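Here's the structure we're looking at; comments come further down.
This one's a predicted model, so the numbers in the text were calculated from it and none came from an experiment. Only this structure's heavy atoms are used, side chains among them; waters, hydrogens and symmetry mates stay out. So that the names make sense, note that chain A is the first sequence line, chain B the second, and so on, each numbered from 1.
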Amino acid sequence: MQVYSTLHRQLVPLVPAQPGEIGMYVCGATVQSEPHIGHGRYAVAFDLIRRYLVWRGNRVTYVRNITDIDDKIIVAAAEAGEKVDERAQRMESVFAKTYESLSVLPPDIEPKATEHIPQMLTLIERLIERGLAYPAPNGDVYFAVRTFEMYGRLSRQRPDELMAGARIEVTEAKNDPLDFALWKAAKPSEPSWDSPWGPGRPGWHIECSAMAAHYLGADFAIHGGGNDLVFPHHENEIAQSEGASGETFSRYWLHNGMVNLGGEKMAKSTGKLVGLSAAIAEYGGATLRLFYLRAHYRSPLEYSKELIEAAAASVDRIRRFALRAPRPEGVEPDQAIVDHFIVAMDNDFATPEALALIFDGMTEVNRELDNGESADSKIAAIHQLLDVLGIRPDTITGDVSQVRNLVDELGLAQGPLEDMMEALLEDRTMARVERDFARSDMIRDRLAESGIVVEDTADGTRWFWR
RNA sequence: GGCGACGUGGCCGAGUGGUUAGGCGCGGGUCUGCAAAACCCGUCACUCCGGUUCAAUUCCGGACGUCGCCUCCA
């Protein structure tokens, strides 16, 4: 299996320290405000990687953190008149809901920064002992970038050239403008924790170093996150972790590409964003998930109505397939299809190619079914691969209230959705037999309005939620 | 200015030194009360300029362009 590692800048074989034992740390969200489409991408990308690695027989420990204390949260909470921890918890639950809608599995461990302050303090003390960090007179503690020779290895930045860029925060407390905060002295009314350097809160980067080491040790396989985190966040993590332990910190660095809107990165700071919850409400989580998977995880991904609707059309195609060709019991999946999938996915998780072969397989199955042949092993393979990709066409549902209204109007019996649909479709079939097409079309149209597609096929009438 | 990624048909998006990606859309057909679906056929591209080669979209060099990072960021 080959992965593209930002550290190596090329495809490299994925070889964990212990064969089949993969520790995976992914930088999760800062729960400052509602997630946008971009947040869904990182979540789906690494969920996919995790699922695939597990499916291939690895024991994966997936850690995805929550940053629940930082400047942005403090500011956002103040603006909203909320307590910092309350806001963080509220946003955390919004994120959790969207993850669930996107079929993103919960990580094995989801550590929060505020619950690992002791680990961070220990790490900072060690860095000071080793001469890589220093407390400043104002109560801050800084990492001394120039003392860490390898600084810039991940992002290919040289400290002198960073200086030339000059957009670096200059603080009098720092010995060098490149130094970054490990610990920030608390201002009045800010949340704070006791430390050897006085009350304060952690700098952003230290939490990931501390929590990754705590749960995965130093030499774990994969560290992931958005490619906007390469510098400075991941660069600083390496400096802190390797500076403290003297060991390599994470073997491979995987970074997902950004979601663009109108050709530019989606970001809160520029106001160029679409809310994730709103998009899920409009199109459904499965469509969003497929939207992400249509592009390779490292490529930029443009968000637009046209592209999301193309994804929705593909979800419909998958859904129809699942209805026509349900998962057969006790059938061995077609090995050729599975092998092809593995070749694609072993190549840095090439989901566009994987999707292409699944669509190919669906076309073959449909053809064979049209010809009255059995296609069970191919069907089994396709269902299995959809599972690995986390695409679950059977879990989509909609609002039943309009169906109830229609049932009432037609004088049919209320009941579970399945029963009501059966009654409605029977009514419609009768109307068609009597050539009362006004009535049959009305039923179909009304169901369409409530999000249910009704189609008459050679095998009979089928329906599904869109 | 520094670092990095990338430029494929109407759109999205793989891939390859000479032979079909796939999806969406579009045109035609089979089927059908209609619609939709499904299937079949068609829609054959690779930013530009040099170079290597019998042969380049695919390798090398250059130009142009796009995007990201260098500041909080998935």
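For A:H255 and B:rC67, the NE2 to C1' distance is 17 Å, given to the nearest whole Å. In this structure, CZ of A:R289 is placed 18 Å from C1' of B:rG23, rounded to the nearest angstrom. Per the geometry, OH belonging to A:Y151 stands 12 Å off C1' belonging to B:rC69, to the nearest Å. At whole-Å resolution of the value, CG in A:N371 and C1' in B:rC31 are 14 Å apart. In this structure, A:W463 atom CH2 and B:rA36 atom C1' are separated by 17 Å, rounded to whole Å. Atom P of nucleotide B:rA74 and atom NE2 of A:H223 are separated by 13 Å, given to the nearest angstrom.
B:rG18 sits 28 Å from B:rC24 when the P atoms are compared, rounded to a whole Å. Rounded to whole Å, the separation between the P atoms of B:rA36 and B:rG27 comes to 11 Å. Atom P of B:rC46 sits at a distance of 13 Å from the matching atom of B:rC11, rounded to the whole Å. Here, B:rG17 and B:rU66 have their P atoms 30 Å apart, quoted to the whole Å. Here the separation of B:rU32 from B:rA38, taken at their C1' atoms, is 12 Å to the nearest Å. For the C1' atoms, the distance from B:rA14 to B:rG9 is 14 Å, rounded to whole Å. Taking atom P in both B:rC60 and B:rG7, one finds a spacing of 14 Å when rounded to whole Å. Rounded to whole Å, the C1' atom of B:rU8 lies 9 Å from the corresponding atom of B:rG13.
Within 6.0 Å of the CD atom in A:Q2, the count of heavy atoms belonging to other residues, nucleotides or ligands exceeds 12. Under a cut-off of 6.0 angstrom, the local environment of CD in A:E373 is crowded, with over 12 non-hydrogen atoms contributed by other residues, nucleotides or ligands.
Residue A:R392 holds its CZ atom at 13.0 Å from CD1 of A:I318, rounded to the nearest 0.5 Å. The distance from atom CG of A:L386 to atom CD1 of A:I358, rounded to the nearest 0.5 Å, is 5.0 Å. Interatomic distance, A:H234 NE2 to A:L229 CG, rounded to the nearest 0.5 Å: 4.5 Å. Interatomic distance, A:D228 CG to A:H233 NE2, rounded to the nearest 0.5 Å: 10.0 Å.
In this structure, A:T270 contributes its side chain and A:M266 its backbone to no donor-acceptor pair below 3.5 Å.
Checked by distance alone, A:R156 brings no side-chain donor or acceptor within 3.5 Å of a matching partner on the base of B:rC69.
Heavy atoms of A:G38 sit under 4.0 angstrom from at least one base atom. Among the atoms of the strands shown, only primed sugar atoms or phosphate atoms (P, OP1, OP2) are found under 4.0 Å from some heavy atom of A:T30. Counting any heavy atom pair closer than 4.0 Å across all strands shown, A:H36 reaches a base atom. Using a 4.0 Å heavy-atom distance criterion, A:V26 is classed as making no nucleic acid contact. A:G40 comes within contact range of no nucleotide atom at all, as no heavy-atom separation falls under 4.0 Å. In this structure, A:N256 reaches the bases: a heavy-atom distance under 4.0 Å links it to at least one base atom across the strands shown. Looking at heavy-atom distances under 4.0 Å, A:D441 makes contact with a base. In this structure, A:D445 reaches neither bases nor backbone, as no heavy-atom distance under 4.0 Å exists between it and the strands shown. Using a 4.0 Å heavy-atom criterion, one finds that A:G224 contacts no nucleic acid atom at all. Residue A:E309 is classed as having no contact, given no heavy-atom separation below 4.0 Å to the nucleic acid.
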Exercise. Which parts of nucleotides 37-43 of chain B does protein reach within less than 4.0 Å, heavy atoms only, written one letter per nucleotide 5' to 3' as B for base, S for sugar-phosphate only and - for none?
Worked result: SSSS---
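Using a 4.0 Å cut-off, no side-chain N or O of A:N227 falls inside it from OP1 or OP2 of B:rC67. Considering only side-chain N and O atoms, A:K265 lies under 4.0 angstrom from the phosphate OP1 or OP2 of B:rC69. Using a 4.0 Å cut-off, no side-chain N or O of A:S155 falls inside it from OP1 or OP2 of B:rC70.
Each of B:rG15, B:rC24, B:rA74 was ranked by its minimum atom distance to the side chain of A:A310; first place goes to B:rC24. Closest to the side chain of A:F231, out of B:rC67, B:rG33, B:rC70, is B:rC70. When distances are taken from the side chain of A:R444 to each of B:rA35, B:rC24, B:rA74, the shortest belongs to B:rA35. Looking at the side chain of A:H39, the nearest of the listed nucleotides B:rC34, B:rA74, B:rG68 is B:rA74. Residue A:A356 places its side chain closer to B:rA21 than to any other of B:rA14, B:rA21, B:rA74.
The two atoms that bring A:Y252 and A:H8 nearest to each other are CD2-CE1, 3.9 Å, heavy atoms only.
Under the 6.0 Å cut-off for aromatic ring centres, A:F249 and A:F220 qualify, their centroids lying closer than that.
For residues 301-313 of chain A, the pairs satisfying side-chain hydrogen bond (donor to acceptor under 3.5 Å, both in side chains) are A:K305-A:E309, with sequence neighbours left out.
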Exercise. Given the rule that a pair is Watson-Crick or G-U wobble with both distances under 3.5 Å, how would you write RNA chain B in dot-bracket, using | for pairs to a different strand?
Worked result: (((((((..(((.....[...)))((((((.......))))))...(((((..]....))))))))))))....
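Every residue was checked against the ring pair (Phe, Tyr, Trp, His ring centres under 6.0 Å) condition with A:F148, not counting sequence neighbours, and none meets it.
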Under 3.5 Å, which donor-acceptor pairs link side chains of residues 346-355 of chain A to any protein atom two or more places apart or in another chain?
residue : atom : partner : partner atom : Å
A:D346  : OD1  : A:Y52   : OH           : 2.7
A:D346  : OD1  : A:R56   : NE           : 3.3
A:D346  : OD1  : A:R56   : NH2          : 3.4
A:D346  : OD2  : A:R56   : NH2          : 2.7
A:D348  : OD1  : A:Y4    : N            : 3.1
A:D348  : OD1  : A:Y297  : OH           : 2.8
A:D348  : OD2  : A:H296  : NE2          : 3.3
A:D348  : OD2  : A:R298  : NE           : 2.9
A:D348  : OD2  : A:R298  : NH2          : 3.0
A:T351  : OG1  : A:L293  : O            : 2.8
A:T351  : OG1  : A:A295  : O            : 3.4

Between protein and nucleotides 5-12 of chain B, what N or O pairs are separated by less than 3.5 Å?
residue : atom : partner : partner atom : Å
B:rC12  : O2'  : A:R294  : NH2          : 3.2

Problem set entry | Residues A:Y142, A:D176; criterion side-chain contact (heavy atoms from CB on, under 4.5 Å); working and verdict | CA-CA 10 Å; A:Y142 290 97; A:D176 185 300; over 6 Å; no
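Classification of the A:Y25-A:H223 ring pair by plane angle, with boundaries at 30° and 60°, yields tilted. Using cut-offs of 30° and 60° on the angle between ring planes, the pair A:Y42 and A:F46 is tilted.
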